[in-house]
Amino acid sequence: MDIPDELVARLRAAQNVVVFTGAGVSAESGIPTFRERQTGLWERFSAEELATPSAFERDPALVWGWYEWRRAKVLSAQPNPAHLAIAAMEKHVPHLTLVTQNVDDLHERAGSHDVVHLHGSIVRPHCQRCRQPFTAQGSPPSLTADTQKIQPPTCTHCGGHIRPGVVWFGESLPTLEWEAANAAARNCDVFLCVGTSAVVYPAAGLTLIAHRAGATTAQINPNPTELDGDVSFDLKGAAGVILPALVQKTWAHECGVAI
Ligand code: BV8
Ligand code: ZN
């Protein structure tokens, strides 16, 4: 994949850069993307039907089991070269804002700071009633066909159900995070959109907000998305390949060595 010289020049000159990531940035860490067909225990469910307040209301043990299965995958995964390249960018960009739709903590584990989680975090569950944070003890249980359901823990503070610390469909995004992401998109020189199908709103609208505000926008994704044709640069390929190449081509001269 050839990285356009024009994009490199604009990125090198940029003061304010936003990196906006979706599930595709964690794909090369072995984390299934959100909309790819679910496998194994969960193949008869769609993520969108499980990631809702009504699903948790209807069957808390099924939904909590799904999140514990996903949390186990996150805990056993490692950041991949895409996460590491984004973390490396912090050393070169005067003001970098990393906004993610992902609920995993792989950006933080790769060394990124102040990650803006628009859809919450799978490693930060809380009480549904009093919102007291809950610290899961140890790793999630290994799930088998007949132990797919796990009763969610109860809050030691008020006895309410502990729920995943994520934003479900139909729930509002956290105000501070949404405002920070919006402001960063409106005021950036370069906006990199990495590994998202761009179908979930309002997050999916950020790339166009940046584009309309005059930013240089680039999308990194091996497949077609809703943003095709609406960005300055469309880099069709894997984030774990393109991002390290982009960082290398843009800043190798600064370090003189491979990044
Ligand atoms: C809201 C957390 C205001 C949970 C997620 C009816 C009622 C209420 C709202 C709505 C409604 N109808 C529509 C809406 C809006 C709704 C929405 O947008 N629905 C969509 C489906 C149409 N949005 C909401 O509900 C939001 N809230 O609107 O609040 C409100 C409130 C009340 C009433 C009215 C309005 C809340 C949305 C948040 C949902 N929670 N996650 C969890 O994770 O379990 S969203 C979920 O989707 C994940 O966070 C995920 O990150 C996100 C986006 O998906 P992607 O990241 O793009 O993942 P996907 O699998 O789709 O694509 C992966 C991409 O990676 C692909 O393109 C692939 O090609 C690419 N890829 C693969 N490998 C690689 C790669 N790219 C690069 N490199 C690779 N190697
Ligand atoms: Zn409580």
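Counting starts at 1 for both ligands and their atoms, following the listed order. Below, each value reflects all heavy atoms present in this structure, side chains not excepted, and no hydrogens, waters or symmetry copies.
Within the 4.0 Å heavy-atom criterion, neither part of L50 lies near ligand 1. Contacts of V103 with ligand 1, taken as heavy-atom pairs under 4.0 Å, involve the side chain alone. Contact annotation for E171 and ligand 1: only backbone heavy atoms (N, CA, C, O) come within less than 4.0 Å of the ligand. Heavy atoms from both the backbone and the side chain of A23 come within less than 4.0 Å of ligand 1.
Applying the 4.0 Å criterion to heavy atoms of G22 picks out, from ligand 1, the atoms 56 (O). Close contacts of ligand 1 with E28, meaning ligand atoms under 4.0 Å from a residue heavy atom, involve 78 (N), 79 (C), 80 (N). Residue-ligand proximity, R70 to ligand 1, at heavy-atom distances under 4.0 Å covers atoms 42 (C), 43 (O), 44 (O). Those atoms of ligand 1 with a heavy atom of V167 less than 4.0 angstrom away are 2 (C), 4 (C), 5 (C), 38 (C), 39 (C), 40 (N), 41 (N). Within ligand 1, the atoms closer than 4.0 Å to a non-hydrogen atom of N223 are 68 (C), 69 (O), numbered from 1 in the order shown. Every atom of ligand 1 with a heavy atom of A27 under 4.0 Å away is listed here by number and element: 73 (N). When each atom of ligand 1 is checked for a heavy atom of G195 under 4.0 Å away, the hits are 63 (C), 64 (C), 65 (O), 76 (N), 77 (C). Of all atoms in ligand 1, numbered sequentially from 1 with element shown, those under 4.0 Å from a heavy atom of Y67 are 4 (C), 42 (C), 44 (O).
Given atom 25 (O) of ligand 1, the protein heavy atom at minimum distance is G170 N, 2.8 Å. Among all protein heavy atoms, the one lying closest to atom 45 (S) of ligand 1 is H119 ND1, 3.5 Å. The protein non-hydrogen atom at the shortest distance from atom 37 (C) of ligand 1 is V200 CG1, 3.6 Å. Counting only heavy atoms of the protein, atom 26 (C) of ligand 1 lies nearest to Y201 O, 3.3 Å.
Under a 4.0 Å N-O distance rule, the pair D5/R10 does not qualify as a salt bridge. One finds no salt bridge joining R186 and E179 here, because no Lys/Arg side-chain nitrogen approaches an Asp/Glu carboxylate oxygen to under 4.0 Å. Ion pairing between a basic and an acidic side chain is recognised when a charged N comes within 4.0 Å of a carboxylate O; D104 and R109 show no such pairing. Salt-bridge formation is detected for the pair K149/D59: a Lys NZ or Arg NE/NH1/NH2 atom is positioned less than 4.0 Å from an Asp or Glu carboxylate oxygen.
Cation-pi check for R70 over W66 is met; the charged atom lies under 6.0 angstrom from the ring centroid and within 45 degrees of its normal.
The heavy atom nearest to atom 55 (P) of ligand 1, out of those in T196, I242, T21, L243, is found in T196. Considering each of F34, W168, W66, F169, the one bringing a non-hydrogen atom nearest atom 21 (C) of ligand 1 is F169.
Proximity of the aromatic rings of W168 and F56 is defined here by a centroid distance below 6.0 angstrom, and this criterion is met.
In this structure, L206 CG and T217 OG1 are separated by 12.5 Å, a value rounded to the nearest 0.5 Å.
Considering backbone and side-chain atoms alike, A51 places every N or O at 3.5 Å or more from each N or O of ligand 1. Considering backbone and side-chain atoms alike, R35 places an N or O below 3.5 Å from some N or O of ligand 1.
Around the Zn ion (ligand 2), the protein atoms of type N, O or S that sit closer than 2.8 Å are C127 SG, C130 SG, C155 SG, C158 SG.
Ring pair H92/W251 is parallel by interplanar angle, where below 30° counts as parallel and above 60° as perpendicular.
The shortest heavy-atom distance from G240 to ligand 1 is not under 4.0 Å.
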